[in-house]
Amino acid sequence: MKKLNLSKNAKHDLVTYGIVVVAYLVMEILMKAGLVSSLLKGLLVPLCIYAIMAVSLNLTVGILGELSLGHAGFMCVGAFASAFFSMCMKESAMPGGLRFLLALIIGALAAGIFGILIGIPVLRLRGDYLAIVTLAFGEIIKNLVNVLYIGRDVDGFHFSMKDSLSLNLGEGGKVIVNGAQGITGTPNDSNFTIGIILLLITLVIILNFIHSRTGRAVMAIRDNRIAAESVGINITKYKLMAFAISAALAGIAGVLYAHNLATLTALPKNFGYNMSIMILVYVVLGGIGSTRGSMIAAVILTLLPELLRGLNDYRMLIYSIVLIAMMLFNWSPKAREFREKYSWKRIMKNGKKEEV
Amino acid sequence: MKKAVSMMLALALVVGTLAGCGSSAPAESSSEAATESTAEAGATFKIGGIGPITGGAAVYGTAVKNAQEIAVEEINAAGGINGYQIELKFEDDEHDAEKAVNAYNTLKDWGMQVLMGTVTSAPCVAVAEKTHEDNMFQITPSGTSVPCVQYDNAFRVCFSDPNQGSASAIYMGTNKLASKVAVIYDSSDVYSSGIYENFAAEAKNQGIEIVVAESFTADNKTDFTIQLQKAKDSGAELLFLPIYYNEAALILKQADTMGFKPIIFGCDGLDGILAVEDFDKALAEDVMLLTPFAADAEDEATKSFVGKFNEKYNDTPNQFAADAYDAMYIIKAAMEEANCTPDMSVDEIGTAMIEAMKTITVDGLTGAGMTWTADGEVNKAPKAVIIKDGVYKAM
């Protein structure tokens with residue numbers, strides 16, 4: 001049999017896609033057989049959301065080499081932009097599928113535009129400025145959404161930053177974005193299949209980006225800015241491109257999030273600083289720069305607290321211990337030494353030698 | 001080496017997924033065949049609770065959880081509902097809509113038949129969507145925002161936000177407390193902004209002028225001098241605080257330092273202000289609040305509940321606890337009215353209890369003669385209390 005002539009990268013990528021497809025097929029079969037608990041069924045879409053978030057943040061942190069602490073802010077932008085659109089279109093005759101597709105595009109565009117706006121001034125600087133600015137951005141967006149009131153009546157849209165009364169809505173007017181109460185009643189368009197398709201699209205975009213000429217330029221900037229500049233790479237342009245893609249993909253995750261639950265509020269819990277850090281944790285534990293690792297870490301760390309529910313009060317304690325243990329296992333020098341000594345590759349190599 | 005790590009992670013993923021399936025397999029079969037399996041087990045009602053017991057809102061969830069346990073112990077000791085004992089399970093939602101749905105699904109796997117929850121508003125709206133799909137009977141002790149009970153399977157024990165806001169305005173109007181009112185509210189909080197908006201709408205009809213409406217957010221709630229200065233300059237006679245007690249305690253302290261002494265009026269969120277550590281109770285003198293429950297009320301039921309709560313958890317119950325305690329007795333009353341038995345399916349129990357809710361009348365800690373309308377709202381008299389000499393006095 002003729003061996004497929006694939007590069008090492010292509011093989012590696014195919015395994016990544018394969019994991020997603022196999023996971024999808026296994027879950028679908030199990031669901032058809034009725035073996036999946038309601039808990040796991042309910043978790044499937046969030047798993048896709050967080051996997052997309054982790055993979056997209058990995059582009060900024062791992063490939064571009066910049067620290068972003070406001071990734072949840074981009075998710076928030078995508079979520080609210082798309083939910084607002086869906087609420088406006090809910091009563092129109094537009095079919096659900098088309099509406100959701102448009103919502104996805106709007107969410108990704110909105111988040112991408114914010115990414116560019118933030119990137120233009122900040123990515124020109126050296127040092128940790130992106131971390132500081134994205135941190136502020138995430139908090140600002142969260143607070144901005146909390147004081148934003150948008151309503152609609154026969155005259156068109158009304159905006160206010162004070163309260164829903166000052167919208168002065170006419171007869172039959174409806175408040176769509178109601179400040180801290182957020183958006184209520186978004187159509188439930190997300191499902192597992194859509195989530196997996198979006199995750200695959202995200203992976204295709206990011207993996208191809210990394211292996212492209214542009215991706216190599218971005219990694220060159222990460223590894224040595226001066227050297228990259230000296231060979232004529234436009235630093236700001238490439239940085240901005242990577243950052244905007246990362247933000248737009250976070251926006252897609254936001255769209256999925258907004259259309260998964262009936263209520264969308266910007267709480268510190270879901271779009272705040274903690275969430276940004278949580279996603280950074282996925283990336284760090286999955287191995288900075290490893291797309292597949294980020295995805296798998298996101299899935300495990302989202303599942304873990306739910307599967308630990310049986311432990312009641314101790315579950316958050318155990319969860320944090322697992323985080324620490326994973327961190328040590330992945331990054332401490334001793335653990336690395338140990339892993340290298342007992343890695344599968346080495347064991348297999350030794351086995352082969354013995355055969356010879 | 002990298003490969004080894006990813007393989008290990010992949011392995012962990014598979015194990016995790018399998019573990020999820022494994023543990024759920026028996027539960028899943030029971031949801032299909034809930035009727036037989038529970039009937040064989042001989043019968044307990046499975047009632048679930050959802051609320052935050054970790055995170056920022058843990059105070060409320062813990063109070064609800066504890067009160068629910070007390071109520072279930074009492075009901076079980078007195079022979080249960082229709083002769084069947086109750087089994088209780090409470091799941092954490094961390095005050096997050098997504099986690100609340102996970103908690104709901106966990107309880108469903110466990111075989112929950114009736115849901116008491118959730119404690120806070122935003123998660124409640126998300127869960128109500130799911131209970132509506134399953135036609136599961138749901139009663140929230142303290143989810144105040146309007147869409148919490150938008151479906152016919154959901155009811156609530158507390159007043160809704162609009163109800164509290166307009167009740168406050170009507171109370172001020174009819175008792176002629178003040179004509180110029182200043183409001184300080186938390187614009188990042190659903191409860192607080194909900195009350196404020198409806199207060200403002202009703203204030204117009206009552207001839208009350210809102211001279212200042214200042215807001216703060218959850219990220220910025222320690223210094224209120226700017227808001228208070230504006231209120232003071234505007235010449236407001238009354239300061240309306242539709243917020244929770246922690247911030248209110250700070251506001252009272254800072255207003256006192258500034259020499260600003262208006263009439264203070266609050267809603268049920270102020271309940272608990274006397275228990276704040278290092279708070280000078282004299283500052284809360286003459287504060288009025290609309291609350292359904294005062295822990296030092298003199299009636300038998302309240303005394304016995306507060307006593308038990310104190311004994312078991314070494315704490316004084318707040319109105320969330322009282323709402324939850326009532327919620328369990330409301331479930332009991334509705335189940336008895338509907339003649340529910342544990343072998344009925346979730347859907348059957350739901351349909352029967354929804355009908356029963358329209359006919360029952362319950363005397364609870366948070367109000368006498370509570371009745372419900374089809375839209376899920378409770379009818380009971382709002383109670384106002386005033387703080388005199390460091391204790392709540394009914395007005």
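Computed from a prediction, not measured in an experiment: that's the story for all the values here. Proteins get letters first, then strands, A, B, ... in listed order; numbering begins at 1 in each. Just so it is clear, the values below take in all heavy atoms, side chains as well, and ignore hydrogens, waters and symmetry mates.
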Value rounded to 0.5 Å, distance of [atom1] in [X] from [atom2] in [Y]:
X: Thr265(A); Y: Asp96(B); atom1: OG1; atom2: CG; value: 8.0 Å
X: Asn102(B); Y: Leu303(A); atom1: CG; atom2: CG; value: 9.5 Å
X: Ser193(B); Y: Asn178(A); atom1: OG; atom2: CG; value: 7.0 Å

Is there a side-chain contact between [X] and [Y], using heavy atoms and a 4.5 Å cut-off?
X: Lys130(B); Y: Asn188(A); answer: yes
X: Leu261(A); Y: Glu98(B); answer: yes
X: Glu306(A); Y: Asn105(B); answer: no
X: Glu197(B); Y: Tyr149(A); answer: yes

Looking only at non-hydrogen atoms, find the nearest pair between [X] and [Y] and report the distance.
X: Ser37(A); Y: Asp109(B); answer: CB-OD2, 3.1 Å
X: Gln181(A); Y: Gly194(B); answer: NE2-CA, 3.5 Å
X: Glu91(B); Y: Arg309(A); answer: OE1-NH1, 2.8 Å

Residue Tyr191(B) versus chain A: region with a heavy atom under 4.5 Å: neither
Side chain, backbone, both or neither of Ala103(B) within contact of chain A (heavy atoms, under 4.5 Å): both
Residue among Thr54(B), Asp92(B), Val101(B), Thr217(B) with most heavy-atom pairs under 4.5 Å to chain A: Asp92(B)
Heavy atoms from other residues, nucleotides or ligands near OH of Tyr17(A) exceed 12 (cutoff 6.0 Å): yes
Enclosure of Lys174(A) NZ (heavy-atom neighbours >12, cutoff 6.0 Å): no
